[in-house]
Amino acid sequence: MTRDSLRAIFSRPTLDVAPELLGMLLVHAEPGGRRVGRIVEVEAYLGPDDRASHARFGETARSRPMYGEAGRAYVYLVYGMYDCLNVVTGPIGAPHAILIRAVEPLEGIDAIRAARIEAELRSRRSLGPADVERIRARIGRTPAERLAAGPGRVGAAFGLDRSLTGSDLLDPAQAVHLEARPAGSPTLRIETSKRLGIDFAGEPWVDRPWRFTIAGNRSVSR
DNA sequence: CTACCGATCCCCT
DNA sequence: GGGGATCGGTAGA
């Protein structure tokens, strides 16, 4: 699939794009190796009306990337600790984005595990040798399918941060990019549900079924 | 300038 | 089931 045809897909209405994103691949390619995860959980944010969206305050320094071209990255920091990846969607001027909430690791499991450990050690202010050992042990025994089961974990597993914002996720020359579903992939059974962690948004936004998951997949967040 | 709080995750009880 | 970590965005003084 060409970059232009992918761009056309991501420029369509966001609620049509979200299910299409499931099954696509999140790739981190570098000379040392390749990390690949299958996207299994996403959430749509349809600003500026959507009171759960970062674009609910209109176009600000933070939300500006969402107003731009579809297929580019919007990475934000939550709770002062976790970088979360969105794909900008819809036409230019519509501040829409889709949050990648979970991926199923397919390649580069060791590198993904190492990145999770590195991120966790970096985020802790003070830690003794016992803490380091405890973190290494915990992530060391985490099943591969749970290593990127959550938006903060996706960011950590793929070494993402806000400097990625604005980069073209549809350009395969970029270290971090998206790839189409492999040819011959089976048809997915998709479920919808309410978005998580947005109680602050109130009615009717909390109840919108704008979370999309691959039914039964073991890498979906809990 | 200060105050408040968040699209999360981990640990303990 | 509940609290802490940690910091940037936004609003209001």
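In what follows, chains are A, B, ... by sequence order, proteins preceding strands, each numbered from 1.
Considering only side-chain atoms of A:Arg162, the nucleotide from B:dA7, C:dG8, B:dT8 that sits closest is C:dG8. Considering only the side chain of A:Arg153, B:dC10 comes nearest among C:dG9, B:dC10, B:dA7. Minimum atom distance to the side chain of A:Arg101 is reached by B:dA7, of the listed C:dT6, B:dC10, B:dA7. Nearest nucleotide to the side chain of A:Arg138, out of C:dG8, B:dC10, B:dT8: B:dC10. Minimum atom distance to the side chain of A:Phe57 is reached by C:dT10, of the listed C:dT10, B:dC10, B:dA7. Looking at the side chain of A:Thr60, the nearest of the listed nucleotides B:dC10, C:dG9, B:dA7 is C:dG9. With B:dC10, C:dG9, B:dA7 as the candidates, the nucleotide lying closest to the side chain of A:Arg62 is C:dG9. For A:Tyr82, taking side-chain heavy atoms from C-beta onward, the closest of the listed nucleotides B:dT8, C:dG8, B:dA7 is B:dT8. Out of B:dC10, C:dC7, B:dT8, the shortest distance to the side chain of A:Pro151 is found at B:dT8.
Summarising the base pairing, C:dT6 is matched to no nucleotide, lacking a Watson-Crick or G-U wobble pair whose two defining distances lie under 3.5 Å. Judged by Watson-Crick or G-U wobble contacts below 3.5 Å, the nucleotide B:dA7 has no partner.
The nearest whole Å value for the distance from the CD1 atom in A:Ile198 to the P atom in B:dT8 is 10 Å. Whole-Å rounding puts the A:Tyr79 OH to C:dG2 C1' distance at 14 Å. In this structure, the CG atom of A:Asp207 is 17 Å from the P atom of B:dA7, given to the nearest Å. The separation between A:Ile135 atom CD1 and C:dA5 atom C1' is 12 Å, rounded to whole Å. For the pair A:Arg56 CZ and C:dG9 P, the interatomic distance rounds to 13 Å; values are reported in whole Å. Rounded to whole angstrom, the span from the CG atom of A:Asp83 across to the P atom of C:dC7 amounts to 12 Å. Following rounding to the nearest Å, A:Glu43 (CD) and B:dT8 (C1') show an atom-to-atom distance of 12 Å. Computed from coordinates, the A:Ile139 CD1 to B:dC9 C1' distance equals 11 Å when rounded to whole Å.
Within the 4.0 angstrom heavy-atom criterion, base atoms lie near A:Leu99. At a threshold of 4.0 angstrom between heavy atoms, the contacts of A:Arg51 with the nucleic acid are absent.
Comparing A:Met81 and A:His54 by the nucleotide of DNA chain C whose heavy atom lies nearest to each, the residue mapping closer to the 5' end is A:Met81. Comparing A:Arg116 and A:Gly80 by the nucleotide of DNA chain B that holds the closest heavy atom to each, the one mapping nearer the 5' end is A:Gly80.
Side-chain atoms of A:Thr2 and A:Asp4 include no donor-acceptor pair closer than 3.5 Å.
With hydrogens and angles ignored, a donor-acceptor pair under 3.5 angstrom links the side chain of A:Tyr76 to the base of B:dA7.
We find that the ring of A:Tyr45 and the base of B:dA7 stack, their centres lying under 5.5 angstrom apart and their planes tilted less than 30°.
Using a cutoff of 4.0 Å between basic side-chain nitrogens and carboxylate oxygens, A:Arg181 and A:Glu20 are not scored as salt-bridged. Taking 4.0 Å as the cut-off between side-chain N and carboxylate O, A:Arg113 and A:Asp110 do not count as a salt-bridged pair. Using a 4.0 Å cut-off between charged side-chain N and carboxylate O, A:Arg208 and A:Asp50 make no salt bridge.
Both tests do not hold together for A:Arg62 against A:Phe57: distance to the six-membered ring centre under 6.0 Å, angle to the ring axis within 45°.
When the C1' atom is used for both B:dA7 and C:dG1, the distance is 22 Å, rounded to whole Å.
Checked against A:Pro151 for a side-chain contact (heavy atoms from CB on, under 4.5 Å), the options A:Leu99, A:Leu196, A:Leu85 give a single hit: A:Leu99.
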